[in-house]
Amino acid sequence: MGRYILRRLLQLIPVFIGTTFIIYSLVWALPGDPFAGKCGSRACPEAYVQMMTEKYNLDEPLPMQYILYLGQLFQGNFGETFSGIEVSTLIQDAYPVTIKLAAIALVFEAVIGIVAGILTALRGKGFVDNLVLAATLFLIAVPVFVSGFVVQIVFGVQLGWMDPSVSTDPTIGELMVPGLILGSLSMAYIARLTRTAMFENKRADYIRTANAKGLKPRRVVSVHMLRNSLIPVITFIGTDFGALMGGAIVTEGIFNIPGIGNLVFQAIGGQEGTTVTGVVTLLVIVYLLMNLLVDILYAALDPRIRYD
C-alpha cells in the first residue's frame with residue numbers, strides 16, 4: 001500500500017503542473033488591461049503600470065511567468081493582490097467557511113442520498129421508489145441558484161423561518177440551509193447511484209450464497225450488499241468534495257457567505273488574477289488529494305481490491 005501511495009503521489013505532480021499551467025494561462029493570457037480601474041476613473045500613470053508589470057512579471061513570456069509563479073507557490077507564497085494584500089491571508093480568512101459549508105453539504109448528500117437509495121432498493125418498485133425518483137429528478141432539473149433563491153425568498157423573507165443571509169462569521173447552524181441547497185444536486189445523484197448499485201448486487205451470486213447459508217437479512221444487506229454497492233458512491237462523494245468547494249460560488253453569493261466562492265467572485269469582478277489563480281490552484285490540490293483518498297478507501301470497502 002505504501003508503494004502505491006508513493007506512486008500515486010508522484011503521478012499527481014504532472015497532473016498538478018498541467019492543470020495549474022492551464023489555469024494560469026487562462027487567467028493571465030486573456031486580452032484586456034489588468035490595471036483597468038485600479039486608479040479610479042482615470043488611466044493609471046505610466047510609471048505605476050511599469051512598476052506593477054515588473055512586480056508581477058507580466059513583461060516576461062507566459063511560460064516564464066508560470067515558472068516564477070510556481071517557484072513562489074512551492075515556497076507557500078500564493079502572491080499578493082494589486083493592492084498589496086497577501087492572497088494567502090485572504091484564503092486563510094475565507095477557506096474555513098467554505099470547508100464548513102462543503103462538509104455540511106457532503107454530510108447531507110451522503111446520509112440522505114444513501115438512505116434514500118437503500119430504501120428504494122430494498123422496498124422495490126412502489127410508492128416510496130416512485131416518490132424518491134420523482135424527488136431526485138426534480139432536484140436534478142432545478143438549478144442550485146434557482147432553489148437557493150426560492151428558499152431564501154420563501155423561508156427567509158416571506159415566512160421568516162431563517163435569516164436570508166448569514167453573518168460575517170457564520171456558525172454551523174447558519175450554514176445548514178445553504179449546505180442543504182449546495183448538496184441537493186449531488187444528493188439526487190447519490191440516491192440514484194445507490195439505488196442502481198443495490199439493485200445490481202441483489203441479483204449477484206454472492207448475495208444468493210449468503211442467503212442460502214442462512215445469514216440474517218440485516219447482515220446480508222449491511223455487510224455484503226451495502227459494502228460493494230458503496231464503492232461507486234464513495235467515488236462520487238470523494239470527487240464531489242472538491243467540486244462542492246468550487247461550486248460554492250453560487251450558494252455563497254445567494255446567502256452572502258464570506259467564503260472561497262465569494263472571494264473568487266469579487267476577484268473576477270476586480271480583475272485580480274493572482275487571487276483567482278491562487279484559489280483555483282488550492283482547489284486543484286484538494287481535488288487531487290480527495291481522488292487519492294478515494295482510491296485508498298477502495299481496499300477498505302472491497303477485500304478483493306489490493307494495491308501492490
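Numbering starts at 1 and runs along the sequence shown. All values below come from the heavy atoms of this structure, side chains included, with hydrogens, waters and symmetry mates left out.
Proximity of Arg192 to Thr120: side-chain heavy atoms (C-beta onward) are nowhere separated by under 4.5 Å. Taking the side chain as every heavy atom from C-beta outward, Val177 and Trp161 never approach each other to under 4.5 Å. Proximity of Leu282 to Tyr95: side-chain heavy atoms (C-beta onward) are separated by under 4.5 Å at one or more points. Side-chain atoms of Ile181 and Gln152, non-hydrogen and from C-beta on, never get closer than 4.5 Å to each other.
Atom CG of Leu180 and atom CD1 of Ile112 lie 6.0 Å apart (nearest 0.5 Å). Taken from CD1 in Ile260 to CG in Leu101, the straight-line distance is 11.5 Å, to the nearest 0.5 Å. The distance from atom CD1 of Ile172 to atom CD of Glu174, rounded to the nearest 0.5 Å, is 11.0 Å.
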Evaluate the side chain to side chain contact (heavy atoms under 4.5 Å, CB included) criterion for residues Val132 and Leu119: first the C-alpha distance (whole Å), next the side-chain angles of each, then the deciding distance (0.1 Å), finally the verdict.
CA-CA 9 Å; Val132 170; Leu119 287 178; over 6 Å; no
Which is it for Leu263 and Glu252 under the side chain to side chain contact (heavy atoms under 4.5 Å, CB included) test, yes or no, and what are the steps along the way?
CA-CA 9 Å; Leu263 177 62; Glu252 290 182 358; over 6 Å; no
Determine, step by step, whether Leu73 and Tyr24 satisfy the side chain to side chain contact (heavy atoms under 4.5 Å, CB included) criterion, reporting the C-alpha distance in whole Å, the side-chain angles of both residues, the deciding distance to 0.1 Å, and the verdict.
CA-CA 12 Å; Leu73 195 63; Tyr24 189 90; over 6 Å; no
Pair Met187, Ile190 - check side chain to side chain contact (heavy atoms under 4.5 Å, CB included), show working.
CA-CA 5 Å; Met187 183 197 308; Ile190 289 175; 5.8 Å; no
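Of the candidates Ile104, Val111, Leu106, Phe108 forms a side chain to side chain contact (heavy atoms under 4.5 Å, CB included) with just one, namely Ile104. Paired with Phe138 under the rule side chain to side chain contact (heavy atoms under 4.5 Å, CB included), one option of Ile140, Thr136, Val142 passes, and it is Val142.
In terms of heavy-atom proximity, Pro232 sits nearest to Ala197 at CG-CB, 4.3 Å. Between Val166 and Pro258 the shortest heavy-atom distance is CG2-CD, 4.3 Å. Annotation for Leu244 and Ser186: closest pair CD2-OG, 4.5 Å, computed over non-hydrogen atoms.
With hydrogens and angles left out, the side-chain atoms of Tyr66 and Thr20 include a donor and acceptor closer than 3.5 Å.
Heavy atoms of other residues, nucleotides or ligands lying less than 6.0 angstrom from CZ of Phe236 number more than 12.
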